[in-house]
Amino acid sequence: MAGKGGRIWPCEPCRDCEKERLCGLSGCLTAAKKQMSEEKRMKKGEIYEGIVEKNEFPDKGIVYIEGERVAVKYAIQGQEIRFLLNKKRKGKNSGRLLEILKPSPLETERDVCPHFGQCGGCSYQTLPYEAQLAMKAGQVRALLDPVCPDLPFEGIIGSPLERGYRNKMEFSFGDEEKDGPLALGMHRRGSFYDIVTTKDCRIVHPDFCKILAAANEYFGERKIGFYRKLQHIGYLRHLLVRRAVKTGEILVDLVTTTQTETLPEDIRPEEEALLRGFSDRLLSLPLEGALAGILHTKNDSPADAVKDEGTDILYGRDYFFEEILGLTFCITPFSFFQTNSLGAERLYEKVREYVGETKGKVVFDLYSGTGTIAQMLAPVAEQVVGVEIVEEAVGAARENALQNGLDNCEFIAGDVLKVLDELAKRDQQPDVIVLDPPRDGIHPRAIEKIAAPAGRRQVEKIIYVSCKPTSLARDLAEFQKYGYEVERVCCVDMFPGTQHVESIVLLSKLHTKQNIEVELEMSELDLTAAESKATYAEIKQYVLDKYGLKVSSLNIAQIKAKCGIIERENYNTAKNENVKQPNCTEEKENAIKNAFKYFQMI
């Protein structure tokens with residue numbers, strides 16, 4: 001609006017401004033505010049400072065700059081930090097931590113690992129353990145509360161050991177800086193290539209550190225090169241060390257490529273002597289535990305992961321034993337086994353509590369790994385069936401069950417989706433299901449197969465063990481769609497000093513506290529006792545799954561009539577008695593009758 005002397009007065013937003021277009025008038029308040037807002041918005045590549053307001057899983061410190069939310073990895077609540085905004089996309093901002101300007105008031109722990117801050121393994125070592133537990137419990141609740149209103153959260157159980165708790169480590173060979181001396185340890189925080197030699201790591205037993213230092217010195221003295229990921233050239237790749245807490249047995253596996261041509265000329269034809277010398281160096285160490293085996297695994301895969309493409313025994317045997325809750329487990333180099341043996345006992349005790357009474361019941365342990373949970377439940381169950389896709393783990397589970405004298409365990413190698421169908425055809429029905437899936441959780445199709453099985457009843461209890469709460473929250477939402485409710489939730493800290501945490505959830509088909517017993521006559525419901533057993537859709541699916549036959553509602557109604565099962569008025573029967581109806585074949589009739597027996601209708 002123009003005033004006296006042609007002055008442009010502050011105006012109400014004009015039509016163009018309302019459409020978020022600049023009107024071109026230099027005095028327009030709408031245009032000025034828009035320009036100021038653009039100038040204040042954060043820009044990718046810029047450096048900012050702020051105070052971390054809270055932590056979210058996994059290991060994200062949340063900072064607000066001019067009202068915009070930024071997630072900064074490795075930052076802790078209460079810290080004043082400087083960070084680089086390295087990602088700004090679709091309203092999601094993330095930053096890279098550059099410097100901690102001021103520590104958090106929560107950071108009162110002074111006796112921390114000398115590698116903390118460089119090594120990417122731990123995040124919370126500067127926090128007292130009680131503060132770590134509170135932070136982890138809060139992160140899990142923040143994820144589950146939106147999915148499960150009135151979450152029945154029972155708190156978090158701490159690890160028996162805060163230090164030296166890990167029974168397994170996969171160390172990597174590399175260098176701490178480009179073309180530097182040989183290093184062996186963990187990846188530097190935020191780096192894919194640099195390695196920190198973690199010879200004083202606090203989360204493992206000192207035996208691990210002695211073995212690491214000896215291996216690094218031995219190969220460093222002989223100028224043996226490490227495998228370079230970009231060029232795919234080199235010899236040394238990983239050092240896998242496992243140590244049982246209860247038995248003290250140690251298994252060491254050196255992982256290399258087959259590229260002996262990259263070895264120094266004087267060693268190249270003598271790989272066997274090189275490996276024998278490595279074995280002898282380890283055997284001479286003053287260890288608290290005892291070496292059960294020293295192995296050499298070949299791995300030429302370009303992936304930066306330990307992969308078994310052939311393993312030779314340099315000393316002893318290729319397995320060791322660990323004890324959990326009175327049971328003995330044989331563990332091989334690549335077997336899945338909880339990395340905190342004493343923490344695992346607390347985890348499995350809570351699982352057994354959630355499972356409850358199992359006398360005379362059948363338990364399915366899906367994603368069973370080496371069958372640890374299955375064998376914990378076997379002594380008090382009628383039968384336990386474990387399903388695991390990794391064949392080596394299934395073999396180990398069978399051997400462990402034999403070792404522990406358990407003859408009511410069955411372990412099946414295969415995909416959960418397919419194996420559940422096979423078990424249904426064998427009329428094996430679970431009373432309780434235990435789920436312990438990989439970090440990414442359960443595929444939606446598998447959830448449907450577990451929660452709404454065709455041809456069998458829904459189980460009353462499902463116990464879900466999760467090592468990734470984001471996956472757990474997503475999967476719980478799916479289970480609720482099938483009528484399951486979250487009855488109990490608990491966390492178990494298996495990884496002190498780190499951001500990781502285990503969660504256990506009891507899902508129930510029915511909350512007894514929310515129901516009362518009511519006696520009703522079937523006539524009041526207009527429903528016969530037999531009809532209440534199964535729907536037509538369930539009978540059709542059962543016959544299809546078990547016999548491969550497609551039957552119609554008319555077929556089922558005809559066989560119901562033959563069996564004396566009374567149909568309600570106007571339900572799947574012909575209205576005109578003179579209408580000719582196709583007869584059900586003998587094969588389909590027998591299949592439908594078997595379905596009636598299965599659903600206890602006859």
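Every value quoted in this text rests on a predicted model; they were computed, and no experiment measured them.
Donor-acceptor pairing under 3.5 Å is lacking for the side chains of Gln132 and Gln125. Side-chain contact, Ser123 with Gln499: a donor N or O sits under 3.5 Å from an acceptor N or O. A donor-acceptor pair shorter than 3.5 Å can be found between the side chains of Thr332 and Glu392. For the residue pair Asn408/Gln383, the side-chain donor-acceptor check at 3.5 Å is not satisfied. Counted by atom type alone, Glu388 and Ser368 present zero donor-acceptor pairs between their side chains at under 3.5 Å. Side chains of Thr311 and His296: no donor on one and acceptor on the other come within 3.5 Å. Under the 3.5 Å distance criterion, with hydrogens and angles disregarded, no donor-acceptor pair is assigned to the side chains of Asp59 and Tyr74. For Asp493 and Ser159, the side-chain atoms include no donor-acceptor pair closer than 3.5 Å.
Applying the ring pair (Phe, Tyr, Trp, His ring centres under 6.0 Å) rule to Phe278 yields the partners Phe219; only residues at least two apart in sequence or on another chain are considered. With sequence neighbours excluded, no residue forms a ring pair (Phe, Tyr, Trp, His ring centres under 6.0 Å) with His187.
Remark: Leu314 CG to Leu275 CG distance equals 5.5 Å, nearest 0.5 Å. Between the CG atom in Leu282 and the CD1 atom in Ile294 there is a gap of 4.5 Å [rounded to 0.5 Å]. Note that OG1 of Thr256 and CG of Leu236 are 7.0 Å apart. Values are rounded to the nearest 0.5 Å. If you take CG on Leu106 and CD on Gln79, they are separated by 9.5 Å, rounding to the nearest 0.5 Å. Lys229 NZ to Tyr193 OH: the interatomic distance, rounded to the nearest 0.5 Å, is 7.5 Å. Put simply, OG1 on Thr257 and NZ on Lys298 are 11.0 Å apart, with the number rounded to the nearest 0.5 Å.
In this structure, Ala397 and Gln375 approach most closely via the heavy-atom pair O-NE2, 3.6 Å. What you find for Cys467 and Glu502 is that their closest heavy atoms are CB-OE2, 3.4 Å. Contact between Ala446 and Ile442 at its shortest, heavy atoms only, is CB-CG2, 3.6 Å. For Gly185 against Leu212, the heavy-atom pair with the smallest separation is CA-CD1, 4.0 Å. Looking at every heavy atom in both residues, Leu182 comes nearest to Gly220 through CD2-N, 3.7 Å. For Cys209 against Thr198, the heavy-atom pair with the smallest separation is SG-O, 4.4 Å.
Ring planes of Phe171 and Phe208: perpendicular class, angle over 60° (limits at 30 and 60°). His232 and Tyr227 have tilted rings, their planes meeting at an angle from 30° to 60° on a 0 to 90° scale.
Counting non-hydrogen atoms of other residues, nucleotides and ligands closer than 6.0 Å to CD of Gln231 gives a total above 12. When the shell of 6.0 Å around CD of Glu391 is examined, it contains 12 or fewer heavy atoms from other residues, nucleotides or ligands. Within 6.0 Å of NZ in Lys210 there are more than 12 heavy atoms belonging to other residues, nucleotides or ligands. Within a 6.0 Å sphere centred on CZ of Arg445, other residues, nucleotides and ligands contribute 12 heavy atoms or fewer. Glu323 CD: more than 12 foreign heavy atoms inside a 6.0 Å radius. Applying the 6.0 Å contact sphere to CZ of Arg439 captures more than 12 heavy atoms from other residues, nucleotides or ligands.
Of the charged side-chain nitrogens involved, at least one lies within less than 4.0 Å of a carboxylate oxygen, so that Arg243 and Asp207 count as a salt-bridged pair. Under the 4.0 Å criterion applied to side-chain N and carboxylate O atoms, Lys136 and Glu56 are not assigned as salt-bridge partners. Using a 4.0 Å cut-off between charged nitrogen and carboxylate oxygen, Asp194 and Lys178 do not count as a salt-bridge pair. Residues Glu270 and Arg268 are not paired through a salt bridge, judged by the lack of any N-O separation under 4.0 Å between the basic side chain and the carboxylate. Under a 4.0 Å N-O distance rule, the pair Arg317/Glu249 qualifies as a salt bridge. Between Glu221 and Arg281 there is a salt bridge, with a side-chain nitrogen of the basic residue lying less than 4.0 Å from a carboxylate oxygen of the acidic one. Electrostatic pairing of Glu170 and Lys168 counts as a salt bridge here, judged by a charged N lying under 4.0 Å from a carboxylate O. Salt-bridge check for Lys307 with Asp300: failed, with every basic side-chain N at 4.0 Å or more from each acidic carboxylate O. Checked for salt-bridge contact, Lys246 and Glu345 meet the test: a charged N lies under 4.0 Å from a carboxylate O.
Here the side chains of Pro469 and Leu144 are not in contact, with every heavy-atom distance at 4.5 Å or above.
Checking side-chain atoms of Asn299 against main-chain N and O of Ser301 turns up a donor-acceptor pair under 3.5 Å. Without hydrogens or angle criteria, Tyr315 side chain to Arg276 main chain gives no donor-acceptor distance under 3.5 Å. A side-chain donor-acceptor contact under 3.5 Å links Thr262 to the backbone of Gln259. The backbone N or O of Leu184 lies less than 3.5 Å from a partner atom in the side chain of Thr197, making a donor-acceptor pair. One N or O on the side chain of Glu107 and one on the backbone of Ser104 form a donor-acceptor pair closer than 3.5 Å. At least one donor-acceptor pair under 3.5 Å links the side chain of Asp175 to the backbone N or O of Asp179. No donor-acceptor pair closer than 3.5 Å links the side chain of Tyr354 to the backbone N or O of Val505. Side-chain atoms of Arg82 do not come within 3.5 Å of backbone N or O of Ile100 as any donor-acceptor pair.
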CA sep, side-chain torsions, deciding dist, call: Asp440, Ser471, side chain to side chain donor-acceptor pair (under 3.5 Å):
CA-CA 6 Å; Asp440 289 336; Ser471 301; 4.9 Å; no
Please report the C-alpha distance between Gln428 and Glu422 in whole Å, then the side-chain angles of each, then the deciding distance to 0.1 Å, and finally whether the side chain to side chain contact (heavy atoms under 4.5 Å, CB included) criterion is met.
CA-CA 9 Å; Gln428 284 188 274; Glu422 294 170 7; over 6 Å; no
Pair Arg96-Val72, side chain to side chain contact (heavy atoms under 4.5 Å, CB included): steps then yes or no:
CA-CA 6 Å; Arg96 177 163 59 86; Val72 183; over 6 Å; no
For Phe173 and Val255, run side chain to side chain contact (heavy atoms under 4.5 Å, CB included): C-alpha distance rounded to whole Å, both residues' side-chain angles, the deciding distance at 0.1 Å, then the answer.
CA-CA 10 Å; Phe173 285 97; Val255 183; over 6 Å; no
Is there a side chain to side chain contact (heavy atoms under 4.5 Å, CB included) between Thr370 and Ile331? Walk through the geometry before answering.
CA-CA 9 Å; Thr370 52; Ile331 303 171; over 6 Å; no
Begin with the C-alpha distance, continue with both residues' side-chain angles, and end with the deciding distance and a verdict on salt bridge (charged side-chain N to carboxylate O under 4.0 Å, His left out) for Asp111 and Arg163.
CA-CA 11 Å; Asp111 185 18; Arg163 296 183 175 182; 3.2 Å; yes
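Geometrically, Arg166 does not engage Phe495 in a cation-pi contact, judged by NZ or CZ lying under 6.0 Å from the ring centre and within 45° of the ring axis.
Under the 6.0 Å cut-off for aromatic ring centres, Phe321 and Tyr319 qualify, their centroids lying closer than that.
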